[in-house]
Amino acid sequence: MGFRARVYAVVRQVPEGRVVTYGDVAAAIGSPRAARQVGWALAALSDPTVPWQRVINAQGRISGRGEVGRAVLQEQLLVQEGVGFDDSGRCDLKALRYPLQPPELYGDDAF
DNA sequence: GGCTTGACTAATG
DNA sequence: TCATTAGCCAAGC
């Protein structure tokens, strides 16, 4: 199972209205220092069942690289789910962060 | 196999 | 709070 498949398996655990950071996802798949690769994996994402919008950076902000307009869409999707952002584009990470479990515990054989 | 490229992070000023 | 820096590691050439 590839790195990206594990990233997707973990991200799918995140329920509506909750968020996780790239670092959280990296730690859940066993590579605590691979936050950048998590972002890379999501940039290459083609699976519509993965709630990629719930993955934000450790500062509670949207990482606006990648496709133009993607960041705006991401914030809109999160707001729809009930995630609140302040005037500076930050959300309450402390309250909304979701505790992830390693994909092994969930049976990710679908990959 | 070596090099470059990042949806990152933590530390520092 | 913002800007800069060094470390990180999977992918693609």
Exercise. Linking I/L/V/M/F/W/Y whenever any side-chain heavy atoms sit under 4.5 Å apart, do V79(A) and L73(A) land together?
Worked result: no
Problem set entry | Side-chain donor or acceptor of R36(A) paired with backbone N/O of Y22(A) under 3.5 Å | no
Problem set entry | R61(A) CZ to dA10(B) P, straight-line distance once rounded to whole Å | 15 Å
Exercise. With both distances under 3.5 angstrom, what nucleotide forms a Watson-Crick or G-U wobble pair with dC8(C)?
Worked result: none
Problem set entry | Side chain of R4(A) (C-beta onward), nearest among dC9(C), dG12(C), dT9(B) | dG12(C)
Exercise. The side chain of Q37(A) lies closest to which of these nucleotides: dA7(B), dT1(C), dG6(B)?
Worked result: dG6(B)
Exercise. Just one of D24(A), V14(A), L78(A), V55(A) clears the side-chain contact (heavy atoms from CB on, under 4.5 Å) bar with V19(A), so which one?
Worked result: L78(A)
For this session: Rounded to the nearest 0.5 Å, what's the gap from CZ on R97(A) to CD1 on I56(A)? Could you check?
Result: 8.5 Å
Exercise. Rounded to the Å, how far apart are D24(A) CG and dA7(B) C1'?
Worked result: 15 Å
For this session: Side chain of F3(A) only, please: which of dA10(C), dA7(B), dT9(B) is the nearest?
Result: dA10(C)
Exercise. How is S88(A) classified with respect to the nucleic acid when contacts are heavy atoms under 4.0 Å: base, sugar-phosphate, or nothing?
Worked result: nothing
Exercise. dA7(B) base to R70(A) side chain: any donor-acceptor pair below 3.5 Å?
Worked result: yes
Problem set entry | Closest to side chain of R36(A), choosing from dG12(C), dC8(B), dA7(B) | dC8(B)
Problem set entry | From L93(A) atom CG to R61(A) atom CZ, the distance as rounded to the nearest 0.5 Å | 12.5 Å
Problem set entry | Atom-pair distance (CG on D87(A); P on dC2(C)), nearest Å | 12 Å
Seminar exercise, completed: Side-chain contact check for L42(A): nearest option of dA7(B), dA10(C), dC8(C) is dA7(B)
Seminar exercise, completed: From CZ of R6(A) across to C1' of dA11(C) the rounded distance in Å is 14 Å
Exercise. If you pin W40(A) and R90(A) to their nearest nucleotides in DNA chain C, which one's is more 5'?
Worked result: R90(A)
Exercise. Taking the P atom of each, how far is dT12(B) from dC8(C), in whole Å?
Worked result: 16 Å
For this session: Identify whether any heavy atom of Q59(A) sits under 4.0 Å from a base atom; if not, whether one sits that close to sugar-phosphate; answer base, sugar-phosphate or nothing.
Result: nothing
Exercise. Looking at the side chain of S63(A), which of dC9(C), dT9(B), dA7(B) is the nearest nucleotide?
Worked result: dA7(B)
Problem set entry | A58(A) side-chain proximity, nearest of dT9(B), dA10(C), dA7(B) | dT9(B)
